[in-house]
Enquirer: 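I'd like to ask you about the structure that follows.
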Amino acid sequence: MSNDCSQIADNLARVQARIAAAAIRSGRTSADVTLVAVTKYVDIDAAKAMIDAGSLDLGESRPQELWRKAEAIAHKDLHWHFIGHLQRNKVRRTLPHIALLHACDSVRRLAEVDRVSGELGLEMKTLLEVNISGDESKHGFKPEEMASVIEALGQYEHVSVTGLMGMASLTGDTDSARRDFERLRQLRDSLQSQTPNGISLDELSMGMSRDFEQAIEEGATIVRVGSTLFEDIER
């Protein structure tokens, strides 16, 4: 595992350098961008190695894998992010483990997260997932739904919506991805003036291994990177 630890540290350093360069191109610094290391295809030892290398924001898209890793790794400064579609029957067990829910993708899901958070005594930080690419296979609100969704956020007492999340089309190239990211940023900007008191939309979670630099250049504050961080290690 020692070779893998060294490889993971090297991979992380390279990704951080790319994030810093993209942030500069967008008129910001690397401190303005949170890197979420997505550990869904690696084991607990690799996740621990990523933490040891200095990455304290880890992401999972499968509830059972999140539960397993979160229960096995004790670190007081670690923040888990849930980035996938969260089924209603998995909400109660998932919420206590996570710092941020990226993919609240329907009014029904939002209401369920609010209800369960209240029962558990939590205030759950949440992003609203928008299907900005229009891919039929993706979850998320339609862009044209968002104004009414934002206006209704004041009714949820235990959910703190802090921004939007989106994914570029899986069939497009990086230029297509950039256009998707630009549309999500423009949507967020247009919604800012409509948010109820106490709610901000500062966060934009967009960009993965293949397109995180384009996402940062278009305003991403959170990027979700997996395969690039775990290249050339034993799985």
Side-chain angles (χ1 to χ4, degrees), residues 4-62 65-66 69-70 73 75-84 97-104 125-129 132 162-168 170 174 177-178 180-182 184-185 188 200-233 235:
D4 283 348
C5 290
S6 177
Q7 184 64 57
I8 286 170
D10 288 346
N11 291 346
L12 176 61
R14 282 193 289 271
V15 168
Q16 288 173 328
R18 291 169 63 186
I19 288 172
I24 289 171
R25 292 194 295 272
S26 71
R28 297 177 295 158
T29 71
S30 59
D32 298 315
V33 182
T34 298
L35 168 63
V36 175
V38 180
T39 59
K40 64 180 181 177
Y41 294 126
V42 299
D43 60 17
I44 289 171
D45 285 342
K48 287 180 177 179
M50 183 59 66
I51 296 168
D52 291 341
S55 182
L56 295 174
D57 288 272
L58 302 186
E60 280 290 338
S61 62
R62 295 173 293 184
E65 193 64 13
L66 170 72
K69 288 187 173 114
I73 302 173
H75 194 295
K76 65 182 181 66
D77 296 320
L78 178 61
H79 299 121
W80 282 103
H81 298 241
F82 191 76
I83 63 174
H97 291 298
I98 61 175
L100 182 62
L101 174 62
H102 285 235
C104 208
K125 288 187 177 179
T126 304
L127 305 178
L128 301 179
E129 181 176 3
I132 200 67
T162 60
L164 306 181
M165 177 269 211
M167 292 182 285
L170 295 176
T174 54
R178 184 185 297 279
D180 288 337
F181 300 143
E182 181 183 24
L184 187 61
R185 173 176 50 78
R188 187 280 308 272
S200 72
L201 297 176
D202 292 338
E203 301 288 3
L204 277 178
S205 173
M206 54 189 195
M208 300 186 290
S209 284
R210 70 190 186 106
D211 51 28
F212 68 87
E213 288 158 303
Q214 288 78 20
I216 293 169
E217 290 167 3
E218 293 301 328
T221 63
I222 304 171
V223 292
R224 311 174 304 272
V225 180
S227 58
T228 302
L229 287 169
F230 295 101
E231 286 177 340
D232 302 320
I233 70 164
R235 299 299 176 99

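Hydrogens, waters and symmetry mates are skipped; everything else that's a heavy atom, side chains included, is used.
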Enquirer: Tell me the closest heavy-atom pair linking L66 and F82, and the distance in Å.
Expert: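 Shortest heavy-atom contact: CD2-CD1, 3.9 Å.
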Enquirer: May I ask you to decide if T39's main-chain N or O and K69's side chain share a donor-acceptor pair within less than 3.5 Å?
Expert: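 Present.
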Enquirer: Kindly compute the distance separating CG (L56) from OG1 (T34), expressed to the nearest 0.5 Å.
Expert: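 The distance works out to 11.5 Å.
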Enquirer: Got L101 and K125 here, is their nearest side-chain heavy-atom distance under 4.5 Å?
Expert: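 In short, these two side chains do not touch, never coming nearer than 4.5 Å.
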Enquirer: Run the side-chain contact (heavy atoms from CB on, under 4.5 Å) test on I19 and I216 for me, step by step, so that the C-alpha distance in whole Å, both residues' side-chain angles and the decisive distance to 0.1 Å come before the verdict.
Expert: CA-CA 7 Å; I19 288 172; I216 293 169; 3.9 Å; yes
Enquirer: Is a salt bridge present between K40 and E65, judged by a nitrogen-to-oxygen distance below 4.0 Å?
Expert: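 No, no charged N to carboxylate O under 4.0 Å.
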Enquirer: Okay, side chain of R188, backbone of D202: is any donor-acceptor separation there less than 3.5 Å?
Expert: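 The answer is yes, because a donor-acceptor pair under 3.5 Å joins these two groups.
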Enquirer: Rounded to the nearest 0.5 Å, what's the gap from SG on C104 to CG on L127? Could you check?
Expert: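 CG of L127 is found 9.0 Å from SG of C104.
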Enquirer: Take H75 and K48, measure what side-chain contact (heavy atoms from CB on, under 4.5 Å) needs, and give me the verdict at the end.
Expert: CA-CA 10 Å; H75 194 295; K48 287 180 177 179; over 6 Å; no
Enquirer: Please walk me through it: do I83 and V38 pass side-chain contact (heavy atoms from CB on, under 4.5 Å)?
Expert: CA-CA 9 Å; I83 63 174; V38 180; 3.7 Å; yes
Enquirer: Taking side chain as C-beta onward, heavy atoms only, is L12 less than 4.5 Å from L35?
Expert: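 Touching, per the 4.5 Å side-chain cut-off.
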Enquirer: Of all heavy-atom pairs between G219 and R185, which one has the smallest distance, and what is that distance?
Expert: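 Closest approach of G219 to R185: CA-CD, 4.3 Å.
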Enquirer: Between T228 and R14, is the side-chain contact (heavy atoms from CB on, under 4.5 Å) condition met? List the steps.
Expert: CA-CA 9 Å; T228 302; R14 282 193 289 271; over 6 Å; no
Enquirer: Checking R178 side chain against A215 main chain: does a donor-acceptor pair fall under 3.5 Å?
Expert: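 Side chain of R178 to backbone of A215, a donor-acceptor pair under 3.5 Å: no, none is there.
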Enquirer: Please report the shortest heavy-atom distance between L58 and V36, naming the atom on each side.
Expert: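 Between these two residues, the closest heavy atoms are C-CG1, 3.8 Å.
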Enquirer: Less than 4.5 Å apart, any side-chain heavy atom of V33 and any of R28?
Expert: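 Yes. Closest side-chain heavy atoms under 4.5 Å.
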Enquirer: Does a side chain donor of either E203 or T162 reach within less than 3.5 Å of an acceptor in the other side chain?
Expert: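 Side chains of E203 and T162: no pair found under 3.5 Å.
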Enquirer: Step by step, work out the side chain to side chain donor-acceptor pair (under 3.5 Å) result for E217 and S26.
Expert: CA-CA 5 Å; E217 290 167 3; S26 71; over 6 Å; no
Enquirer: Compare all side-chain heavy atoms of I51 with those of I73 and state whether any distance is below 4.5 angstrom.
Expert: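 Yes, their side chains come closer than 4.5 Å.
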Enquirer: Show the nearest heavy-atom pair for residues S30 and A23, with the distance to one decimal.
Expert: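 That would be N-CB, 3.8 Å.
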Enquirer: Once rounded to the nearest 0.5 Å, what's the spacing between atom CD1 of I132 and atom CG of L164?
Expert: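 Atom-to-atom, I132:CD1 and L164:CG are 8.5 Å apart.
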Enquirer: Mind listing the closest non-hydrogen atom pair of I8 and A49 along with its distance?
Expert: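 The answer is CD1-CB, 3.8 Å.
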Enquirer: side-chain hydrogen bond (donor to acceptor under 3.5 Å, both in side chains) with H81: which of R224, E60, H102?
Expert: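 Running side-chain hydrogen bond (donor to acceptor under 3.5 Å, both in side chains) over R224, E60, H102 with H81 returns exactly one hit, H102.
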Enquirer: With the side chain counted from C-beta on, respond yes when M206 and M165 share a heavy-atom pair under 4.5 Å apart, and no when they do not.
Expert: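 Heavy-atom side-chain distance check fails, nothing below 4.5 Å.
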Enquirer: Do you know the tightest heavy-atom contact between A47 and V42?
Expert: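 Distance-wise, the nearest heavy atoms are N-CG2, 4.4 Å.
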Enquirer: Counting only N and O atoms by type, is there a donor-acceptor contact under 3.5 Å from the side chain of D180 to the main-chain atoms of A168?
Expert: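 Such a contact is absent between D180 side chain and A168 backbone.
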Enquirer: Working to the nearest 0.5 Å, report the span between CE of M50 and CD1 of I233.
Expert: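 If I round to the nearest 0.5 Å, the distance is 7.5 Å.
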Enquirer: In Å, rounded to the nearest 0.5 Å, how long is the span from CG of L78 to CG of D57?
Expert: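 Rounded to the nearest 0.5 Å, the CG-CG separation comes out at 8.0 Å.
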Enquirer: Do L100 and W80 have side-chain heavy atoms sitting under 4.5 Å apart?
Expert: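 L100 vs W80: side chains apart.
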Enquirer: Has D211 got a side-chain atom pairing as donor or acceptor with Q214's backbone, closer than 3.5 angstrom?
Expert: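 Answer holds: no.
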Enquirer: Would R210 and T174 satisfy side chain to side chain donor-acceptor pair (under 3.5 Å), going step by step from the backbone distance to the final call?
Expert: CA-CA 8 Å; R210 70 190 186 106; T174 54; over 6 Å; no
Enquirer: Just how far is it from atom CG of D10 to atom CD of E231, taken to the nearest 0.5 Å?
Expert: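 If we round to the nearest 0.5 Å, D10:CG and E231:CD are 11.5 Å apart.
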